[in-house]
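In the text below, chain A, chain B and the rest are named by the order of the sequence lines, each starting its count at 1. Hydrogens, waters and symmetry mates are skipped; everything else that's a heavy atom, side chains included, is used.
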Amino acid sequence: MTPHSTFLKTLAERGFLNQCTDQSGLDEYAQTNKIVAYIGFDCTADSLHVGNLISIMMLRHLQQTGHKPIVLLGGGTSKVGDPSFKDEARKMLSLEQIEHNKQGIKKVFEKFLTFGDGPNDAIMVDNADWLDHLNYMAFLRDYGIHFSVNRMLSFDSVKMRLEREQNLSFLEFNYMILQAYDFAELNKRYNCVLQMGGQDQWGNIVNGTDLTRRVNHKHVFGLTSPLLTMSDGTKMGKTERGAVWLNADKLSPYDYWQFWRNASDADVGTLLRFYTELPISEIAQLEKLEGNQLNEAKIILANEATTLCHGIDAARHSFETAKKVFEEGGAGGDLPSLEISMNDLEKGLSFIEALKQIGFVESNGEAKRLIKGRGARVNNNVIDDEAYHLSTKDLIDGSIKVSAGKKHHGVIVVKN
RNA sequence: GGAGGGGUGGCCGAGCGGUCAAUGGCAGCAGACUGUAAAUCUGCCGACGAAAGUCUACGAAGGUUCAAAUCCUUCUCCCUCCA
């Protein structure tokens with residue numbers, strides 16, 4: 001079925017649609033109403049990462065097609081922990097940790113959404129606002145009555161735990177109840193009619209729509225996005241060096257740009273559709289490129305994705321730096337850098353120490369291996385002497401370029 | 001509550017008194033080839049040390065032994081079967 005509403009059409013053609021509780025109903029609603037929709041974000045880390053980006057993009061498309069997004073921070077539910085598809089209980093987060101994480105996560109949304117008081121401005125709410133003050137008895141009587149334990153046990157998301165006879169605490173078991181309650185509460189407060197999320201949230205989302213229907217007597221919708229896997233079978237956003245964070249203080253815009261630039265050929269089209277806002281027709285053209293021409297598409301992908309997350313200037317700088325480094329063999333301002341005083345440089349700086357301090361390696365041993373393997377370079381020249389010391393004679397225009405492998409470059413600059 | 005099996009490096013998984021910093025696979029890093037891609041091939045893959053070597057590590061704590069991931073005791077967690 002081809003959707004008619006701009007919102008669903010956009011999601012459909014870019015690949016965001018996985019499951020929907022009532023797609024034609026939602027489509028119809030979207031054509032005549034302003035949808036108020038939300039996605040919840042757990043406060044399990046102090047920054048979101050590209051794995052969360054698909055949800056953020058959904059909210060962005062929602063807003064851009066004239067509807068109202070709600071960002072729901074899981075300040076309350078994170079105190080419980082989502083057991084979905086986890087084979088073990090997650091470590092309990094301390095209240096301080098949750099608060100810290102919440103602050104870190106908040107920042108990123110402003111990049112993607114417009115917040116304010118206007119009719120389709122985004123708002124951000126925290127479910128701790130209502131969950132923290134629930135009255136247990138009242139809650140049980142008003143809401144507990146609507147949940148069937150038999151049914152909850154049948155959800156795939158908890159089955160794994162049960163089948164492996166691994167403990168599922170009552171605390172965690174309540175997660176889905178609380179999340180369902182969120183929907184009912186948001187519906188009451190903001191006339192929110194749609195919850196979106198990743199495929200793994202389907203069970204939780206369905207619970208929410210059911211509960212809202214029962215207690216508020218409102219017909220509301222749920223919609224999930226597919227779980228993105230890359231052509232090599234890995235989950236989107238998993239890299240050797242850990243998560244690809246969205247906060248600049250956890251991952252520099254330059255590295256973020258590099259992440260996209262290093263996408264596999266086979267994934268370029270998919271990534272462009274999900275993580276940029278280029279028109280579908282243009283993406284189709286880019287996807288057709290072959291051989292090393294596809295690199296142009298990857299650059300566009302990196303520029304677009306970085307612009308969304310870190311702004312156009314950051315994207316441009318990253319691009320310029322990459323160009324200087326990879327095409328001209330030079331160095332650029334956005335590379336990881338290390339400052340050293342002229343005095344110290346004159347005394348000599350151990351190459352191993354430099355590699356460590358700039359963050360390319362974590363131990364002396366690793367540095368030595370890199371050097372032995374002929375992967376370490378100073379000003380593009382391979383250095384295979386472990387005892388090499390950097391000195392003033394390595395200076396070129398006041399800086400020294402240090403590389404670890406073909407991809408990791410940094411500069412040592414002399415400060416006065 | 002009873003009986004049995006098991007917890008080994010980021011993951012999987014060998015080892016079952018010395019030759020074990022621990023086979024192998026995956027993941028990762030580097031090199032070659034390329035296009036900052038994929039595939040392939042090669043090397044590396046605990047920390048400190050220039051090195052000799054030292055330290056930390058095989059669920060936890062004790063013990064036996066010249067010597068323990070390997071044997072014994074207690075504890076702990078997981079799995080299978082029985083009640």
Side-chain angles (χ1 to χ4, degrees), chain A residues 86-91 160-169 229-244 252-272 286-303 305-306 315 318-332 334-336 348 350-353 355-356 358-378 380-389 401-410:
Chain A
K86 309 275 183 342
D87 53 2
E88 264 171 44
R90 180 160 42 212
K91 280 196 195 79
M160 183 195 296
R161 288 280 271 281
L162 296 174
E163 276 167 10
R164 299 185 58 182
E165 294 190 23
Q166 271 166 347
N167 184 54
L168 174 66
S169 69
T229 46
M230 298 291 91
S231 56
D232 58 3
T234 57
K235 242 197 227 170
M236 165 68 190
K238 290 282 178 219
T239 69
E240 62 284 357
R241 295 204 171 203
V244 180
S252 75
Y254 172 75
D255 285 331
Y256 189 77
W257 194 93
Q258 285 294 324
F259 165 74
W260 298 102
R261 173 63 183 83
N262 280 300
S264 296
D265 285 10
D267 297 325
V268 173
T270 310
L271 295 176
L272 282 167
L286 288 171
E287 235 179 336
K288 277 194 207 136
L289 295 173
E290 287 188 4
N292 61 8
Q293 291 205 316
L294 203 48
N295 284 335
E296 290 307 313
K298 291 183 192 178
I299 289 171
I300 291 170
L301 170 65
N303 282 339
T306 307
S318 301
F319 167 69
E320 295 295 338
T321 297
K323 190 172 173 186
K324 271 187 216 149
V325 172
F326 289 96
E327 291 175 26
E328 297 157 21
D334 279 13
L335 293 178
S350 130
F351 187 34
I352 289 176
E353 195 53 36
L355 288 168
K356 250 188 345 191
I358 219 158
F360 291 153
V361 296
E362 305 219 315
S363 67
N364 292 356
E366 205 182 321
K368 287 181 201 171
R369 273 175 242 134
L370 183 70
I371 294 170
K372 239 184 273 173
R374 301 183 62 78
R377 274 161 295 165
V378 170
N380 300 330
N381 301 313
V382 171
I383 299 293
D384 55 8
D385 174 11
E386 289 175 10
Y388 189 80
H389 274 65
K401 183 183 177 191
V402 173
S403 312
K406 267 186 299 191
K407 291 192 187 173
H408 305 290
H409 305 277

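- Remark: A:D265 engages A:K298 in a salt bridge (Lys or Arg N to Asp or Glu O under 4.0 Å) (not counting sequence neighbours).
- Relative orientation of the A:F351 and A:Y388 rings is perpendicular, given thresholds of 30° and 60° on the angle between their planes.
- Rounded to a whole Å, the CG atom of A:L294 is 14 Å from the P atom of B:rG35.
- Nearest-nucleotide mapping onto RNA chain B: of A:K323 and A:G373, the residue sitting toward the 5' end is A:G373.
- Counting to the nearest Å, the C1' atom of B:rG31 and the CG atom of A:D384 are 13 Å from each other.
- Here, B:rA3 and B:rC75 have their P atoms 13 Å apart, quoted to the whole Å.
- Aromatic ring orientation, A:F259 versus A:Y256: tilted (interplanar angle from 30° to 60°).
- Rounded to an integer number of Å, the gap from CG of A:L355 to C1' of B:rA30 is 13 Å.
- Nucleotide B:rC33 holds its P atom 17 Å from the CG atom of A:N292, rounded to whole Å.
- Counting non-hydrogen atoms of other residues, nucleotides and ligands closer than 6.0 Å to CD of A:E290 gives a total of 12 or fewer.
- Of the residues near RNA chain B, A:G291 and A:R374, the one whose nearest nucleotide (by heavy atom distance) lies more toward the 5' end is A:R374.
- In plain terms, the two heavy atoms of A:T306 and A:P253 that are nearest each other are CG2-O, 4.1 Å.
- Here the side chains of A:L286 and A:V268 are not in contact, with every heavy-atom distance at 4.5 Å or above.
- Using a 4.0 Å heavy-atom distance criterion, A:W257 is classed as a base contact.
- Spacing between B:rU65 and B:rG18 at atom C1', rounded to whole Å, works out to 11 Å.
- Taking the six-membered ring for Trp and thresholds of 30 and 60 degrees, A:H409 and A:F326 have ring planes more than 60 degrees apart, a perpendicular arrangement.
- Here the separation of B:rG17 from B:rC78, taken at their P atoms, is 30 Å to the nearest Å.
- As rounded to the nearest Å, B:rC16 and B:rA69 have C1' atoms that lie 8 Å from one another.
- For the P atom pair drawn from B:rU70 and B:rG7, the interatomic distance equals 11 Å after rounding to whole Å.
- Looking at heavy-atom distances under 4.0 Å, A:A322 makes contact with a base.
- Comparing B:rU19 with B:rG28, their C1' atoms are spaced 29 Å from each other, to the whole Å.
- At least one side-chain heavy atom of A:I299 sits less than 4.5 Å from a side-chain heavy atom of A:W257.
- Across B:rC33 and B:rG46, the matching C1' atoms stand 32 Å from one another, rounded to whole Å.
- If you take atom P in B:rG5 and the same atom in B:rG9, they sit 22 Å apart, rounded to whole Å.
- Taking only distance into account, the side chain of A:E327 never meets the base of B:rU36 through a donor-acceptor pair shorter than 3.5 Å.
- A:R377 has its CZ atom 10 Å from the C1' atom of B:rG31, to the nearest Å.
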Worksheet item: So what is the 5' to 3' dot-bracket string for RNA chain B, if pairs are Watson-Crick or G-U wobble with both distances under 3.5 Å, crossing pairs use [ ] and | means the partner sits on another strand?
Response: ((((((((.[[[..)..(.....]]].(((((.......))))).(((....)))...[[[[[..)....]]]]]))))))).
Practice prompt. Would you mind building the protein contact string for nucleotides 37-54 of chain B? One character per nucleotide, 5' to 3', B for base within reach (heavy atoms under 4.0 Å), S for sugar-phosphate only, - for untouched.
Written response: BS-----SS-SSB-S---
